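Before any comments, here is the structure.
In each ligand, atom 1 is the first atom listed, and ligand 1 is the first ligand listed. Computed from a prediction, not measured in an experiment: that's the story for all the values here. Basis for what follows: all heavy atoms, side chains included, without hydrogens, waters or symmetry-related copies.
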Amino acid sequence: MAHAQVAEKPVPTTDFSLLIDGESVTAGTHLDVTNPATGAVFAQCPAAGRAELDRAVAAARRAFPAWSALSFDDRTATIKRMADVIKANVDSLAELLTREQGKPLQQSKDEIGRASSLTEGMLKIRFETETIVDDAEKRIELRYVPLGVAGIITPWNAPVNLAIGPLVSALYTGNTVVLKPSPYTPLSTLKIGELIRDVFPRGVVNFIAGGDQLGQWMTEHPQIDKISFTGSVATGKKVMASAAGTLKRVTLELGGNDAAIVLDDVDPKVVAPKLFFAGFVNSGQVCMAIKRIYAHEKIYDALCEALAEEARKWKVGDGLDPATKLGPIQNRMQYDKVVEVIEDTKKAGGKFLAGAEQPKGNGYFVNPAIVTGLDETSRLVREEQFGPIVPVLKFTDVEDALRRANDTRYGLSGSVWSRDPERAAAIAAKLEVGTAWVNQHRATAANVPFGGAKESGIGRTYSDLGLKAYMEPRVVSILKTLG
Ligand code: NAD
């Protein structure tokens with residue numbers, strides 16, 4: 001739950017509402033929402049309980065037959081109207097997103113813009129009935145039908161993008177939706193709910209904010225058919241266990257501990273800014289951020305120095321300040337965790353080439369840190385730090401680098417960097433991940449499946465593979481004569 005802090009002119013609760021059955025509604029309780037740049041509560045929004053959840057699910061069920069009966073073209077037209085409404089309100093939404101999440105304003109705009117472009121991309125994917133056999137005797141067809149009501153549960157690091165991706169996937173494939181944002185960042189999602197209220201038929205889209213328990217109730221709910229969950233591995237395991245009670249379909253997009261392997265032939269000055277961006281944007285609070293760098297001994301020292309130079313350039317501050325390149329950590333709990341990892345790294349003998357000292361004040365700010373001198377057993381290397389601190393580890397033999405990169409229960413993504421893309425691709429293909437990039441990191445697209453291997457998730461988002469996870473395959477097998 002969001003932490004209550006010293007109140008700083010809270011915005012009246014009535015500024016935000018839940019979206020249930022086509023109506024903007026309030027609730028008996030509320031969430032306090034903290035601005036991580038100040039550490040103070042700046043807004044409150046309604047918090048749904050069981051009654052609101054049941055109403056939202058019932059509305060989604062009522063809306064399902066008509067929505068699922070529409071053609072892909074008809075649903076596309078409505079979803080495009082939603083994307084247009086979001087685009088038209090990007091400035092106000094981005095400011096709200098920065099206030100609740102912390103990221104620099106331009107990055108909030110980028111996040112909302114990206115949600116729109118991914119939407120457009122997904123709406124181009126078409127599903128036709130597949131014919132498996134068609135001969136004189138029989139025809140066997142494979143159709144895809146919507147599942148019913150999809151429950152979508154989202155995290156706090158990219159609340160708009162990670163809501164719109166599953167939302168569009170579910171709606172486009174004919175499902176109706178009950179969506180719950182993180183209690184730390186409910187506002188931009190609820191505001192979108194208000195803006196799109198009249199775009200959809202009643203009950204097709206329901207947005208309910210609430211605490212962790214609301215998420216658990218969703219995973220148990222007998223009238224929800226599918227859960228799309230984006231969040232931590234630990235919660236993902238609880239979601240899967242809980243969804244087993246009703247055998248809900250699940251898509252789990254979980255955490256990562258991505259490795260970047262940098263080969264001996266690169267120019268450190270050229271790759272350092274790219275690696276730094278992929279590791280530190282959104283202050284490292286990205287599932288697919290680079291979280292470990294393995295650098296060949298030949299370029300190791302020069303690369304470490306070039307990364308430290310980048311770290312010194314990136315200004316940390318309030319996301320509303322145009323000079324800011326790195327905002328605060330999003331919430332107090334995560335901030336305390338990152339500070340703990342920094343202390344632990346110092347005790348483990350890590351050498352800080354940048355970011356050893358932390359800013360003072362009430363905001364949850366952390367300076368970007370580049371660390372050397374650690375081995376594979378340290379917490380910073382083994383865990384998902386989800387903050388602006390990245391270890392650089394040395395290797396001599398590329399097979400050894402691969403073994404160390406793969407020695408983890410995470411398997412979201414990874415990358416290999418070289419002037420020779422084919423050499424790098426052969427190595428990248430051996431990474432035990434859902435996505436292995438060459439000379440890039442964090443590159444996703446609407447027509448490319450994204451998701452985790454191992455404990456980084458189950459299933460994929462985007463692409464026909466991701467969208468099919470919101471549908472049930474149905475075989476229709478026809479014998480052409482009765483005999
Ligand atoms: P979290 O797991 O703490 O919470 C995510 C959501 O789950 C929140 O809405 C929360 O209220 C809800 N929740 C909490 N307990 C629940 C329960 N028992 N049942 C159902 N729902 C519950 O994650 P977070 O801290 O908000 O997000 C950060 C994590 O998300 C990181 O590990 C990050 O790597 C991961 N993430 C993954 C992806 C991806 O695409 N793979 C994308 C973004 C973030």
Side-chain angles (χ1 to χ4, degrees), residues 1-2 31 36 47-48 53 100-101 103 111 114-115 118 151-166 169 178-186 189-190 207-221 224 227-245 248 250-258 281-291 329-338 383-387 408-413 433-435 442 444 448-462 466:
M1 298 280 290
L31 292 170
L53 171 62
E100 67 174 341
Q101 204 282 334
K103 64 184 64 180
E111 177 178 331
R114 187 156 171 69
L118 285 168
I152 299 174
I153 301 172
T154 64
W156 46 257
N157 61 329
V160 174
N161 198 12
L162 296 172
I164 300 296
S169 306
V178 176
L179 185 148
K180 184 195 95 65
S182 165
Y184 291 113
T185 53
T189 307
L190 292 184
F207 285 3
I208 49 171
D212 294 350
Q213 190 160 42
L214 181 65
Q216 192 193 324
W217 292 336
M218 287 170 71
T219 62
E220 291 166 354
H221 205 291
I224 292 183
I227 290 287
S228 163
F229 171 82
T230 309
S232 62
V233 172
T235 311
K237 288 178 181 176
K238 289 188 198 160
V239 167
M240 190 156 173
S242 170
K248 286 181 181 49
V250 291
T251 298
L252 304 178
E253 289 291 336
L254 309 179
N257 192 6
D258 284 19
V281 73
N282 201 17
S283 296
Q285 302 166 110
V286 178
C287 55
M288 57 182 134
I290 292 177
K291 295 182 178 127
I329 299 298
Q330 197 282 321
N331 60 71
R332 180 78 211 199
M333 197 176 65
Q334 183 63 20
Y335 172 79
D336 288 343
K337 187 191 151 191
V338 172
E383 286 183 16
E384 182 186 41
Q385 64 273 47
F386 224 59
T408 168
R409 288 302 303 150
Y410 290 103
L412 191 57
S413 34
V433 293
T435 304
R442 294 181 78 241
T444 55
V448 180
F450 180 79
K454 298 180 178 174
E455 292 188 12
S456 285
I458 301 242
R460 295 292 180 267
T461 49
Y462 309 131

Quick check: closest heavy atoms across [X] and [Y], and the distance to 0.1 Å?
X	Y	result
Lys248	His221	NZ-O, 2.6 Å
Thr444	Phe450	CG2-CD1, 3.8 Å
Ala209	Leu190	CB-CD1, 3.9 Å

Note to self: A side-chain contact here means heavy atoms from C-beta on lying under 4.5 Å apart; do Gln385 and Asn257 qualify?
What the structure shows: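 The answer is yes; the side chains approach within 4.5 Å.
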Check: Are Thr235 and Ile153 side-chain neighbours, meaning at least one heavy-atom pair lies under 4.5 Å?
Finding: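 Side-chain contact under 4.5 Å: no.
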Report yes if [X] has an N/O atom closer than 3.5 Å to an N/O atom of ligand 1; otherwise report no.
X	result
Trp156	yes
Lys291	no
Phe229	no
Ser456	no
Thr219	no
Asp212	yes

Check: Is ligand 1 less than 4.0 angstrom away from at least one heavy atom of Gly457?
Finding: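 No, that is not the case, since the closest heavy atom of the residue is not under 4.0 Å from the ligand.
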How long is the gap from [atom1] on [X] to [atom2] on [Y], to the nearest 0.5 Å?
X	Y	atom1	atom2	answer
Ile458	Met240	CD1	CE	4.0 Å
Leu162	Glu253	CG	CD	8.5 Å
Asp212	Ser182	CG	OG	7.5 Å

Checklist line | Option of least heavy-atom distance to atom 6 (C) of ligand 1 (set: Leu254, Thr154, Leu214, Asp258) | finding: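 Checking each option, the heavy atom nearest atom 6 (C) of ligand 1 is found in Thr154.
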Top protein contact for [atom], by heavy-atom distance:
atom	result
atom 13 (N) of ligand 1	Thr235 CG2, 3.7 Å
atom 23 (O) of ligand 1	Ser232 N, 3.3 Å
atom 27 (O) of ligand 1	Pro155 CB, 3.2 Å
atom 18 (N) of ligand 1	Lys238 CD, 3.9 Å
atom 34 (O) of ligand 1	Glu384 OE2, 2.7 Å
atom 39 (C) of ligand 1	Cys287 SG, 3.2 Å
atom 12 (C) of ligand 1	Ile153 CG2, 3.6 Å
atom 20 (C) of ligand 1	Gly215 C, 3.2 Å

So which bit of [X] gets within less than 4.0 Å of ligand 1, heavy atoms only: side chain, backbone, both or neither?
X	result
Pro183	side chain
Leu162	side chain
Val239	side chain
Tyr184	neither
Asn157	side chain
Met218	neither

Check: Any protein heavy atom lying closer than 4.0 Å to atom 4 (O) of ligand 1?
Finding: no
Test item: [X] side-chain N/O and [Y] main-chain N/O as donor-acceptor pair under 3.5 Å:
X	Y	answer
Asn161	Glu111	no
Ser456	Leu254	no
Lys103	Asn157	yes
Gln330	Pro36	no

Item checked: Contacts of type ring-ring contact (aromatic ring centres under 6.0 Å, His included), residue Tyr410, not counting sequence neighbours ->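 Partners of Tyr410 under the ring-ring contact (aromatic ring centres under 6.0 Å, His included) test: none.
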Note to self: So, using ring-ring contact (aromatic ring centres under 6.0 Å, His included) as the criterion, who are the partners of Tyr462 when residues are at least two apart?
What the structure shows: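 Here no residue qualifies.
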